[in-house]
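This report refers to the structure that appears directly beneath it.
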Amino acid sequence: MPTRRPRPGAGGGPHRGGESRPRLWSWNFNLFFTARAVAKLGDTMLPVALAAGLLQHGYGAGAVGLAMAASVACFAGLVIFGGVFADRFSPRLLMIGSDVLRLGTQALTAGLFFSGHVVLWQICVIGAVNGAAAAIFQPGVASTVPRLAADVQAANGAIRVAESTAHLAGPALAGLLVAVSSAGGVFAAHAATYGVSALCLVLMRLPAPAPDDRGHPHGFRADLVEGWREFRARTWLWGVIAIWCAYSVAVAGPAIPLVATEVIQDHDPRAYGLVNSALGAGTVIGGLIALRLRPRRMLRAGSIALFGFAAHPATVGANLPVWAMCLGAAVAGAGGSFWAVMWATSVQTQVPPDVLNRIHAYDVAGSLAMMPVGQALAGPAATATAAGGDGVLLFGAAMAVAVPATLLLVPAIRGLVRADPRPAPVIAGGHGSLPEQPPAVHPGGGAGRRGPAEG
C-alpha cells in the first residue's frame with residue numbers, strides 16, 4: 001500500500017534536501033509568541049496611562065496628543081533606517097536592546113509620575129526615545145516569524161489573535177491599575193512587559209541564516225537604496241501601499257476620532273466601549289479564520305475579506321442601533337484581521353530574507369505616513385459638510401468598498417500566488433529541533449507589526 005504524502009503544514013516530514021523545520025508551537029516560537037503578546041498588552045495600556053496621568057497633573061487633551069505624537073513621529077521617521085540595521089546586524093539583538101531601553105524609559109516615567117514631578121517636555125522626550133527604539137525593534141519582527149515557523153500563515157494568525165486579545169484586555173487592565181494605584185502603576189506595569197519581552201527574546205534561539213543571506217559588503221546608504229529598489233521592483237507590494245494611502249486618509253484615519261465622537265454623543269461612553277469591544281472580538285475571529293483558511297491567492301482572498309470593514313463606519317454613520325453598530329464592528333474587525341494575516345504572510349514569504357527587514361520598514365513607513373493626515377482632516381471635514389461626522393463616516397464606508405475593489409483590479413495583486421518559505425536549518429538541541437514538513441505583512445496590521453491600518 002503506498003505511503004500517503006503528508007499535507008503541507010502537517011507534522012513529521014523532512015524538508016527538501018534532508019533539512020527540516022521546527023513545528024509551529026516549538027519552544028522558540030512559544031517564546032516569541034509570548035514576547036509579542038505581552039508587549040502588545042503593555043502598548044495598549046499606554047494611552048490610558050498617558051491620558052489619566054497628564055490630565056491628573058493639570059495638562060489638557062492637547063498635551064496627551066503631543067506626547068503620543070512625539071513617539072509616533074520618531075517611529076515613522078526612523079523605521080526605514082531600522083530596517084537597514086536589521087538587515088545588517090542581528091535582528092534579535094536589536095530587538096532585545098530596544099526592549100531593554102524601553103524598560104528603562106518606562107521605569108523612569110513611572111518614577112516621575114509616582115514622585116508627582118511631571119513635566120510635559122520630559123514626557124515628550126521619553127516618548128520620542130521610545131519611538132526611536134520601536135523603529136529599531138519593528139523591522140526585525142518580519143524576518144523572525146519565517147525563521148521560527150514552517151507554517152508562516154499559521155504563525156501570523158496566532159500572533160494576530162494574541163494581539164487582538166491584548167487590545168481587548170489592555171485598556172481595561174490599565175483602567176483597573178489607575179483606579180487601585182495611579183498612572184505611575186500603569187507605567188511600571190508597562191515597563192515590566194518590556195522586561196518579559198526582552199527575557200523571552202534572550203532565551204529564544206534562531207536558526208542561522210542561509211549562506212547567501214550573510215554579510216553586507218556595501219555601505220549603509222547603498223543598503224538603503226537597495227531596499228528601495230527591491231520595494232519598487234514588486235508591483236504587488238508598492239501597489240498595495242499606494243492604494244492603502246487612500247484608505248488611511250479616507251477610512252482608517254477619520255474612523256478613529258469620528259466613531260468615538262459620534263457614538264458617545266448619540267449614545268454614551270458605555271455604548272462606545274461595547275462597539276470597541278465588538279471590533280476587538282471581530283479581529284480575534286478573523287485571526288482564527290486565518291489559522292484555518294489557506295487560499296492559493298492570498299491577497300485576492302484578503303481583499304475580498306476587506307470589504308467587510310465598510311460595515312463599521314457605515315453602521316455608525318447611518319445612526320443604527322447600538323447592537324447593529326456592534327455587529328458592523330465585529331464584521332469589520334474580522335475582515336481587517338484576515339487581510340492583515342494574508343498581507344503579512346505574503347510579504348514574509350515572497351520577499352528574499354536578505355532584504356525582508358528593509359522591505360518591511362518601507363511597508364510600515366508607507367502605512368503610517370497618511371494616517372495622521374486622515375485623523376487631522378476628520379474634524380474640519382465633519383464641520384464643512386452638511387451631514388457632519390456622519391457624512392464623513394458614510395463617505396469612508398464608500399471608500400472602504402472602493403479600496404478592496406481597486407486592489408482586485410490590479411493583476412499583480414489579485415494574481416499573486418502563495419509561496420513556500422525557504423527551508424531553514426534545524427536548531428540543534430532543545431525543543432526547537434522538532435521537525436515538521438513545511439507548507440506547499442502589512443497594510444492592516446500584520447502579525448506583531450503596525451501596517452496600513454494598526455499596529
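Heavy-atom basis, side chains included; hydrogens, waters and symmetry copies ignored.
Residues satisfying the side-chain hydrogen bond (donor to acceptor under 3.5 Å, both in side chains) criterion with Thr34, sequence neighbours excluded, are absent altogether.
Put simply, SG on Cys200 and CZ on Phe33 are 11.0 Å apart, with the number rounded to the nearest 0.5 Å. In this structure, OH in Tyr247 is found 10.0 Å from CG in Leu407, a value given to the nearest 0.5 Å. Here the CD1 atom belonging to Ile241 is positioned 10.0 Å from the CD1 atom belonging to Ile359, to the nearest 0.5 angstrom. For the atom pair CG of Leu291 and CG of Asp151, the computed distance is 8.5 Å after rounding to the nearest 0.5 Å. Summarising the geometry, atom CZ belonging to Arg147 is positioned 13.0 Å from atom CD belonging to Gln348; distances are rounded to the nearest 0.5 Å. In this structure, Leu41 CG and Leu46 CG are separated by 12.0 Å, a value rounded to the nearest 0.5 Å.
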Hey, can you pull the donor-acceptor pairs under 3.5 Å for the side chains in residues 312-333, sequence neighbours left out?
{"residue": "Thr315", "atom": "OG1", "partner": "Ala311", "partner atom": "O", "Å": "2.7"}
{"residue": "Thr315", "atom": "OG1", "partner": "His312", "partner atom": "O", "Å": "3.1"}
{"residue": "Asn319", "atom": "ND2", "partner": "Asp390", "partner atom": "OD2", "Å": "2.9"}

For residues 172-193, which side-chain donor-acceptor pairs fall under 3.5 Å, sequence neighbours excluded?
{"residue": "Ser182", "atom": "OG", "partner": "Gly184", "partner atom": "N", "Å": "3.2"}
{"residue": "His190", "atom": "ND1", "partner": "Gln106", "partner atom": "NE2", "Å": "2.9"}
{"residue": "His190", "atom": "NE2", "partner": "Gly42", "partner atom": "O", "Å": "3.4"}
{"residue": "His190", "atom": "NE2", "partner": "Asp43", "partner atom": "OD1", "Å": "3.3"}
{"residue": "His190", "atom": "NE2", "partner": "Tyr194", "partner atom": "OH", "Å": "3.3"}
{"residue": "Thr193", "atom": "OG1", "partner": "His190", "partner atom": "O", "Å": "2.5"}

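Counting heavy atoms from C-beta on, the side chains of Val152 and Pro146 come closer than 4.5 Å. The shortest distance between side-chain heavy atoms of Met95 and Thr144 falls below 4.5 Å. In this structure, Val403 and Phe309 have side chains that are not in contact, with every pair of non-hydrogen atoms separated by 4.5 Å or more. Contact of the Leu299 side chain with the Trp339 side chain is registered, since non-hydrogen atoms from C-beta on lie closer than 4.5 Å. Residues Leu112 and Ile126 have side chains in contact (heavy-atom distance under 4.5 Å, counting atoms from C-beta outward). At a threshold of 4.5 Å between non-hydrogen side-chain atoms, the residues Leu293 and Phe338 count as touching. Within the 4.5 Å cutoff, the side chain of Ile413 has heavy atoms near those of the Ile243 side chain.
The closest donor-acceptor contact from the side chain of His117 to the backbone of Phe113 lies at 3.5 Å or more, if one exists at all. Checking side-chain atoms of Gln153 against main-chain N and O of Ala290 turns up a donor-acceptor pair under 3.5 Å. Between the side chain of Arg234 and the backbone N or O of Glu230, at least one donor-acceptor pair lies under 3.5 Å. Judged by distance alone, the side chain of Arg205 and the main-chain N or O of Asn28 form no donor-acceptor pair under 3.5 Å. Under a 3.5 Å cut-off, the side chain of Tyr59 and the backbone N or O of Leu120 do form a donor-acceptor pair.
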Side chain to side chain contact (heavy atoms under 4.5 Å, CB included) between Thr44 and Glu163, intermediate numbers included: CA-CA 10 Å; Thr44 58; Glu163 292 182 343; over 6 Å; no
Using the rule given for side-chain hydrogen bond (donor to acceptor under 3.5 Å, both in side chains), can you reason through Asn130 versus Ser71, listing the C-alpha separation, both sets of side-chain angles and the distance that settles it, and then say yes or no? CA-CA 6 Å; Asn130 286 339; Ser71 178; over 6 Å; no
Please determine whether side chain to side chain contact (heavy atoms under 4.5 Å, CB included) holds for the pair Val355 and Phe231, giving the CA-CA distance in whole Å, both sets of side-chain angles, and the decisive distance to 0.1 Å. CA-CA 9 Å; Val355 294; Phe231 179 78; over 6 Å; no
Ile123 vs Thr109, test: side chain to side chain contact (heavy atoms under 4.5 Å, CB included). Steps then yes/no. CA-CA 7 Å; Ile123 302 300; Thr109 307; 4.2 Å; yes
Before you tell me yes or no, could you show the steps for Val347 and Leu237 under side chain to side chain contact (heavy atoms under 4.5 Å, CB included), namely the whole-Å CA-CA distance, both residues' side-chain angles and the distance that decides it to 0.1 Å? CA-CA 8 Å; Val347 173; Leu237 185 62; 4.1 Å; yes
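Summarising the geometry of Ala135 relative to Cys74, their closest heavy-atom pair is CB-O, 4.5 Å, with the distance given to 0.1 Å. Between Ala271 and His267, the shortest heavy-atom distance links the atoms CB-CB, 3.6 Å. Pairing each heavy atom of Arg160 with each of Gly287, the nearest pair is CG-CA, 4.4 Å. Pairing each heavy atom of Ala132 with each of Leu78, the nearest pair is CB-CD1, 3.7 Å. Between Ser248 and Pro254, the shortest heavy-atom distance links the atoms O-CD, 3.8 Å. Contact record, Ala255 with Leu393: CA-CD2, 4.2 Å, taken as the closest heavy-atom pair.
Between the side chains of Thr283 and Ser337, no donor-acceptor pair of N or O atoms lies under 3.5 Å. Donor-acceptor pairing under 3.5 Å is recorded for the side chains of Asn156 and Thr345.
Checked against a 6.0 Å centroid threshold, the rings of Trp244 and Trp238 do not count as neighbours.
Because its NZ or CZ atom is both nearer than 6.0 Å to the ring centre of Phe137 and within 45° of the ring axis, Arg102 counts as a cation-pi partner of that residue.
Atom CZ of Phe307 is surrounded by more than 12 heavy atoms from other residues, nucleotides or ligands within 6.0 Å.
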